[in-house]
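Keep in mind that the numbers below use all heavy atoms, side chains included, and drop hydrogens, waters and symmetry copies. None of these values were measured; they are calculated from a predicted model.
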Amino acid sequence: QNSVLSRIMNSLANLGRTFSTHPLTRNSPLKAWVRFVTWQMRSRVQGEVIFPWIEGQRLAVRRGMTGATGNIYLGIHEFPDMMLLLHFLREGDLFLDIGSNIGSYTVLASGVRRATTWAFEPDPETIRALRRNVELNGIKGRVTIHELALGDTDGEVLFTRGQDTTNHVATKGETDVRTVPTKRLDTLLGVNRPSMIKMDVEGFEENVVRGAQGLLADESLKLIELETLTEEIEATFHRNGFARAYYDPFSRALSEYPGKLSPSNAVFVRDWDFVATRLASAPPVNVLDRSI
């Protein structure tokens with residue numbers, strides 16, 4: 001009992017620190033606590049909670065969806081990363097959401113910015129939640145869902161299940177797994193050319209990058225966000241003309257040097273002037289009664 005209570009208290013303490021430091025809640029942490037308590041109560045009564053999100057979009061969320069619940073508490077969970085997408089994308093762009101989970105980035109890209117999205121997610125249970133959010137927001141015409149993993153081969157891989165946002169290509173010894181198809185991005189894309197990629201594949205990023213050499217060489221790709229950065233990936237990006245970047249959504253400033261905000265993903269930019277001009281000229285986004 002003491003260990004359970006201790007874990008709960010530690011979780012609440014960590015949540016409090018997040019509320020007091022996140023850019024959208026640090027000036028009003030009490031309101032974040034109210035959203036947290038409201039979610040805890042509603043999610044225990046309803047199997048699925050539909051909550052209004054950004055610019056008229058909605059998310060269907062269930063207990064255990066950690067990334068999505070962050071959007072409930074914080075307005076935008078991954079603030080610099082999601083705002084970068086919202087300020088960069090335009091209607092007509094192709095966005096690749098690699099490791100889309102339940103579709104938060106997909107909803108922002110195709111729901112708010114009306115871009116075309118290819119969403120990649122191999123887990124069948126998560127796919128159902130992704131499809132639910134695509135249908136809920138009426139964006140089926142702008143979203144193509146690929147129920148597979150991306151990598152450096154066309155074939156199959158073992159993939160974990162039941163781990164929510166941390167499902168991943170299985171390593172040796174993991175037992176609760178299923179077989180899923182895998183494809184190289186260069187195999188799938190054909191003549192399609194994305195302008196932006198978000199990649200969150202729980203450590204499998206190197207494999208995805210190895211299978212996307214043709215895409216990386218194409219000048220139409222301007223912006224990459226990815227969770228796991230390695231020396232191999234960084235060297236590959238640099239060879240293809242990408243530079244590491246940091247973004248401040250409040251000032252719309254794109255910089256070569258880290259700022260005050262802590263992104264969840266590493267950002268790489270090609271054609272710096274083009275990207276910076278887009279960011280500066282984007283329409284504002286309304287979130288938590290703020291226009292950003």
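Between Val209 and Met199 there is a side-chain heavy-atom pair separated by less than 4.5 Å. Two residues are said to be in side-chain contact when any heavy atoms from C-beta on lie closer than 4.5 Å; Leu94 and Ser220 fail this criterion. Residues Leu216 and Ile224 meet the side-chain proximity criterion, which asks for heavy atoms closer than 4.5 Å. Residues Val285 and Ile54 form a side-chain contact, since some pair of their non-hydrogen atoms from C-beta on lies under 4.5 Å apart. Arg252 has its side chain within reach of His87: a pair of non-hydrogen atoms, C-beta onward, lies under 4.5 Å apart. Two residues are said to be in side-chain contact when any heavy atoms from C-beta on lie closer than 4.5 Å; Arg184 and Leu188 fail this criterion. Residues Asp200 and Ile98 have side chains not in contact (no heavy-atom distance under 4.5 Å, counting atoms from C-beta outward). Taking the side chain as every heavy atom from C-beta outward, Leu89 and Ser195 approach each other to under 4.5 Å.
Connection of Tyr257 to Leu279 is not established within any shared hydrophobic cluster, with ILVMFWY side chains joined at heavy-atom distances below 4.5 Å, either directly or through further cluster members. Leu30 is not connected to Leu74 by any chain of hydrophobic side-chain contacts under 4.5 Å among Ile, Leu, Val, Met, Phe, Trp and Tyr, and they are in different clusters. Under the 4.5 Å side-chain heavy-atom criterion for grouping Ile, Leu, Val, Met, Phe, Trp and Tyr, Val45 is not connected to Ile50 through any hydrophobic cluster. Leu85 and Phe274 fall within a single hydrophobic cluster, where Ile, Leu, Val, Met, Phe, Trp and Tyr are joined by side-chain heavy atoms under 4.5 Å apart, directly or via other members. Tracing side-chain contacts under 4.5 Å through hydrophobic residues (I, L, V, M, F, W, Y), one reaches Leu223 starting from Leu254; they form part of the same cluster.
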- Given Asp154 and Thr187, is the side-chain hydrogen bond (donor to acceptor under 3.5 Å, both in side chains) satisfied, shown in steps? CA-CA 8 Å; Asp154 297 333; Thr187 302; 3.0 Å; yes
- Item | Pair Ser100-Thr106, side-chain hydrogen bond (donor to acceptor under 3.5 Å, both in side chains): steps then yes or no | CA-CA 7 Å; Ser100 56; Thr106 292; 5.0 Å; no
- Message: Set out, in order, the CA-CA distance, both residues' side-chain angles and the distance that settles side-chain contact (heavy atoms from CB on, under 4.5 Å) for Thr153 and Asn207, then state yes or no.
- Response: CA-CA 8 Å; Thr153 60; Asn207 300 71; over 6 Å; no
- Query: Please walk me through it: do Val107 and Gln57 pass side-chain contact (heavy atoms from CB on, under 4.5 Å)?
  - Reply: CA-CA 7 Å; Val107 169; Gln57 307 307 303; 3.7 Å; yes
- Message: With side-chain contact (heavy atoms from CB on, under 4.5 Å) as the criterion, how do Glu234 and Phe268 come out once you've worked through the C-alpha distance, each side chain's angles and the decisive distance to 0.1 Å?
- Response: CA-CA 9 Å; Glu234 191 160 15; Phe268 285 83; 4.1 Å; yes
- Task: Determine, step by step, whether Asn286 and Glu55 satisfy the side-chain contact (heavy atoms from CB on, under 4.5 Å) criterion, reporting the C-alpha distance in whole Å, the side-chain angles of both residues, the deciding distance to 0.1 Å, and the verdict.
- Result: CA-CA 6 Å; Asn286 295 304; Glu55 302 284 352; 3.5 Å; yes
- Message: If you apply the rule ring-ring contact (aromatic ring centres under 6.0 Å, His included), what do you find for Phe95 with Trp118, and how did you get there?
- Response: CA-CA 6 Å; Phe95 168 64; Trp118 284 14; over 10 Å; no
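We find the CG-CD1 distance between Asp81 and Ile76 to be 10.5 Å, quoted to the nearest 0.5 Å. Rounding to the nearest 0.5 Å gives a distance of 11.0 Å between CZ of Arg35 and CG of Asn71. Annotation: the span from Leu24 atom CG to Phe19 atom CZ amounts to 12.5 Å, rounded to 0.5 Å. With values rounded to the nearest 0.5 angstrom, Leu150 atom CG is found 6.5 Å from Thr182 atom OG1. Here CG of Leu130 is found 13.0 Å from CD of Glu125. Values are rounded to the nearest 0.5 Å. The line from CZ of Arg128 to CD of Glu121 is 11.5 Å long, rounded to the nearest 0.5 Å.
Gln40 approaches Tyr73 most closely through the heavy-atom pair NE2-OH, 3.5 Å. Across all their heavy atoms, Ala60 and Met65 have their closest contact at O-SD, 4.1 Å. Contact between Thr117 and Ser110 at its shortest, heavy atoms only, is OG1-OG, 2.7 Å.
Legend: residues meeting side-chain hydrogen bond (donor to acceptor under 3.5 Å, both in side chains) with His22, ordered by chain and number and at least two apart, are absent.
Aromatic ring centres of Phe79 and Phe250: separated by under 6.0 Å. For Trp39 and Phe36, the gap between ring centers reaches or exceeds 6.0 Å.
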Distance-only check: which donor-acceptor pairs under 3.5 Å involve side-chain atoms of residues 260-267, not counting sequence neighbours?
unit_1: Asn265; atom_1: OD1; unit_2: Glu227; atom_2: N; d: 3.4

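Using a distance-only test at 3.5 Å, with no hydrogens or angles considered, a donor-acceptor pair links the side chain of Asp186 to the main chain of Leu215. A side-chain donor-acceptor contact under 3.5 Å links Arg58 to the backbone of Leu136. The main-chain N or O of Gly99 is found under 3.5 Å from a side-chain atom of Lys198 such that the two form a donor-acceptor pair. Between the side chain of Asn240 and the main chain of Thr236, a donor-acceptor pair closer than 3.5 Å is present. When atom types are taken as modelled, the side chain of Ser11 and the backbone of Arg7 share a donor-acceptor pair closer than 3.5 angstrom. In this structure, the side chain of Arg62 engages the main chain of Gly47 through a donor-acceptor pair within 3.5 Å. Between the side chain of Ser291 and the backbone N or O of Pro284, no donor-acceptor pair lies under 3.5 Å. Panel note: side chain Asn133, backbone Ser104; no donor-acceptor pair is recorded below 3.5 Å. With Thr25 contributing its side chain and Thr21 its backbone, the two residues share no donor-acceptor pair below 3.5 Å. Put simply, the side chain of Thr69 gets close to the backbone of Thr66: a donor and an acceptor are under 3.5 Å apart.
Crowding of Asn14 atom CG: a count of heavy atoms from other residues, nucleotides or ligands under 6.0 Å exceeding 12.
A donor atom on one side chain and an acceptor atom on the other are found under 3.5 Å apart for Arg63 and Ser43.
Note on residues 267-283: pairs passing side-chain hydrogen bond (donor to acceptor under 3.5 Å, both in side chains), not counting sequence neighbours, are Arg90-Ser281, Asp93-Arg278, Lys222-Asp271.
Using a 4.0 Å cut-off between charged side-chain N and carboxylate O, Arg131 and Glu135 make no salt bridge.
Phe237 and Phe242 have tilted rings, their planes meeting at an angle from 30° to 60° on a 0 to 90° scale.
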